Protein chains: 2
Amino acid sequence: MNQTIPAQNISAHSDQHCCNCNLHSLCMAVSLDMTELSKLDDIVDRSKPLSKGQTLSAQGDKFQSVYAIKTGSVKTYTTSCSGEEQITGFYFPGDLIGLNGIDTGICPDSIKILETTTVCQVQFEQLDMLSVELPKLRRQLLKTMSKEICNEQHMLQLLAKKNADERIATFLIRLSNRFKVRGFSESRFRLSMSRHEIGNYLGLTVETVSRVLTRLQKNGLITVENKEIEILDSKALLKLSNGKED
Amino acid sequence: MNQTIPAQNISAHSDQHCCNCNLHSLCMAVSLDMTELSKLDDIVDRSKPLSKGQTLSAQGDKFQSVYAIKTGSVKTYTTSCSGEEQITGFYFPGDLIGLNGIDTGICPDSIKILETTTVCQVQFEQLDMLSVELPKLRRQLLKTMSKEICNEQHMLQLLAKKNADERIATFLIRLSNRFKVRGFSESRFRLSMSRHEIGNYLGLTVETVSRVLTRLQKNGLITVENKEIEILDSKALLKLSNGKED
DNA sequence: ATTTTTAACTGATCTATGTCAGTTTTTCTA
DNA sequence: TAGAAAAACTGACATAGATCAGTTAAAAAT
């Protein structure tokens, strides 16, 4: 198990189409009209649901496709030469991932499924060709990569400057915002990743993650019940996430 | 001083052209033929030299241009709402910067000159239009952004997992490699940034940067003489940068 | 249902690096 | 060229978070 998904798992057809996908406004399809949408639709392959622990693509694989998350969630991570894993991101419905393989033609990270997940797969070459015809799609691809760079710059700041409490607070607020944009509850959500994975992502040990979550709960900022998080005082949490008195 | 450069400083003409620029192979011009190069040349503005401390563009400015470094070096940094500066990168001749403004249309970071520097400025809209005609240019833009994402993912790993010695070792080796590719000495170079800036970038205090540099020198891995660095044992330095026994 | 395995939590210590405080060196300025 | 200001270095001490060692709780497996 935990093997890369064979191509056959990605079926060429499905009754679902971009034009009636409710992730329209989040995905690369933003602002495309019906004609344009159907052109995009032609090059999208939709998969059967993937289950927890499966690897969608692995570090070192030839870069060929990008993926849009339809339902569920995934993590991306790199494995260093000393074998250590570093989680580089968690992704949710509407997110487009895999574009970081363009530079070398080799996937620089692995994508692993965190919970039952469906994705749309697109051959990058086809997407690039279509982007010549569709300026809005071309712009959207650049925007997606630009946003990814900005997100990572925020993570650099978090890792270089913030203490454990601020990191966790920032993590929870970012999740909350991302869920809100997707139409999910911003105040109550389920963590699809383990404490260990949160710690790995945030540069903390599992123990510290546990302690901070407990502390935030004691201080009345959140409620933690296993994987279920409720944000009780988002204002205080935001203030904490921004750090040191100002 | 330290103000954003007024547009007039960027002169529309110069006797230098992309076709006889020795950064050809590093810059976005990679693999363009003569005809293509001259089209790129038409939309490039070349500046008078900028001097240390000047701000090429500031966080919050409207995003309009990207910049290719021709000579010298710059840093990019974000300023958080609490006023803390986080350096997100150092850039050298051949590097293309500023693409991270595409997403929001606002520059997400500031660019500051570290030493006397010349840059080529290109209006992004013009570059995007030209990229439709020139598939190799289009691909190069995507590659540049993809590479930037990968670089930042390496930084995430460094900040989340490495100790002070490993961070400095990694920093020096990356610089060495980047200088080598540019045809400069890989074993002897001058740091254009201060210890403070190195620490800020690597999530360490100035004191720790000093101590580690001294320690590496004592152990015979490098020679430090003020801003001048010599790498004496690149193998040991590389081993150290990769961290924990393996 | 019961056992096994894995994840999460908690307390007691240790340590790498931050903080503070001062000196030396370098760079800037007049 | 001297004097001021900034950068770099170094030592003494403090501390946030890691590590270690266990307990408890939740999934998985039988």
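Quick caveat, the model's predicted, so the values are computed rather than measured. Below, chains carry the letters A, B, ... as their sequence lines are ordered, and counting in each starts from 1.
- Using a 4.0 Å heavy-atom criterion, one finds that L204(B) contacts the sugar-phosphate atoms exclusively.
- The nucleotide whose nearest atom lies closest to any side-chain atom of T214(B) is, among dT10(D), dT10(C), dC9(C), dT10(D).
- A side chain to side chain contact (heavy atoms under 4.5 Å, CB included) with T88(A) holds for exactly one of Q157(B), Q153(B), E152(B); it is Q153(B).
- What separates CD1 of I198(B) from C1' of dA7(D) is a distance of 12 Å, to the nearest Å.
- Separating the NE2 atom of H196(B) from the P atom of dA5(D) is a distance of 20 Å, rounded to the nearest angstrom.
- Taking the side chain of N163(A) as heavy atoms from C-beta on, and the options dC9(C), dA8(C), dG17(D), the nearest nucleotide is dG17(D).
- Comparing dC9(C), dT10(C), dG17(D) against the side chain of T208(A) picks out dG17(D) as the nearest.
- The CD-P distance, from E228(A) to dA7(C), rounds to 19 Å in whole Å.
- By the 6.0 Å contact criterion, NZ on K180(B) is open, its count of non-hydrogen atoms from other residues, nucleotides or ligands being 12 or less.
- Looking only at side-chain heavy atoms (C-beta outward), K161(B) and L156(B) stay at 4.5 Å or farther from each other.
- Separating the CG atom of D165(B) from the P atom of dA16(C) is a distance of 10 Å, rounded to the nearest angstrom.
- For E207(A) against dC9(C), no side-chain N or O and base N or O form a donor-acceptor pair under 3.5 Å.
- Checked against the 6.0 Å centroid criterion, the rings of Y201(B) and F90(B) qualify as a close aromatic pair.
- Taking the nucleotide of DNA chain D with the nearest heavy atom to each of R211(A) and K227(A), the more 5' of the two is matched to R211(A).
- N226(B) has no side-chain polar atom (N or O) that falls below the 4.0 Å cut-off from OP1 or OP2 of dA7(D).
- Counting non-hydrogen atoms under 4.0 angstrom, S210(B) reaches a base of the nucleic acid.
- Comparing the start and finish of the helix from dA1(C)-dT30(D) to dA30(C)-dT1(D), five pairs each, the helix axis swings through 60°, to the nearest 10 degrees.
- For the pair I168(A) CD1 and dC9(C) P, the computed distance is 11 Å after rounding to whole Å.
- Distance alone, capped at 3.5 Å, places no donor-acceptor pair between the T117(A) side chain and the L50(A) backbone.
- To the nearest angstrom, C1' of dT17(C) lies 15 Å from CG of L158(B).
- There is a side-chain donor-acceptor pair under 3.5 Å between S73(B) and E115(B).
- By the 4.0 Å N-to-carboxylate-O rule, D95(A) lies close enough to R182(A) to be salt-bridged with it.
- In this entry the distance linking CG of L191(A) with C1' of dA27(D) reads 17 Å, nearest Å.
- Between M155(A) and L202(A), some side-chain heavy-atom pair lies under the 4.5 Å cut-off.
- Backbone-only engagement by G203(A) is indicated by non-hydrogen atom pairs under 4.0 Å involving sugar-phosphate atoms exclusively.
- Regarding E225(B), its CD atom lies at a distance of 15 Å from the C1' atom of dT24(C), rounded to whole Å.
- If you check dT19(C), dA18(D), dC9(D) against the side chain of T205(B), the one that comes closest is dT19(C).
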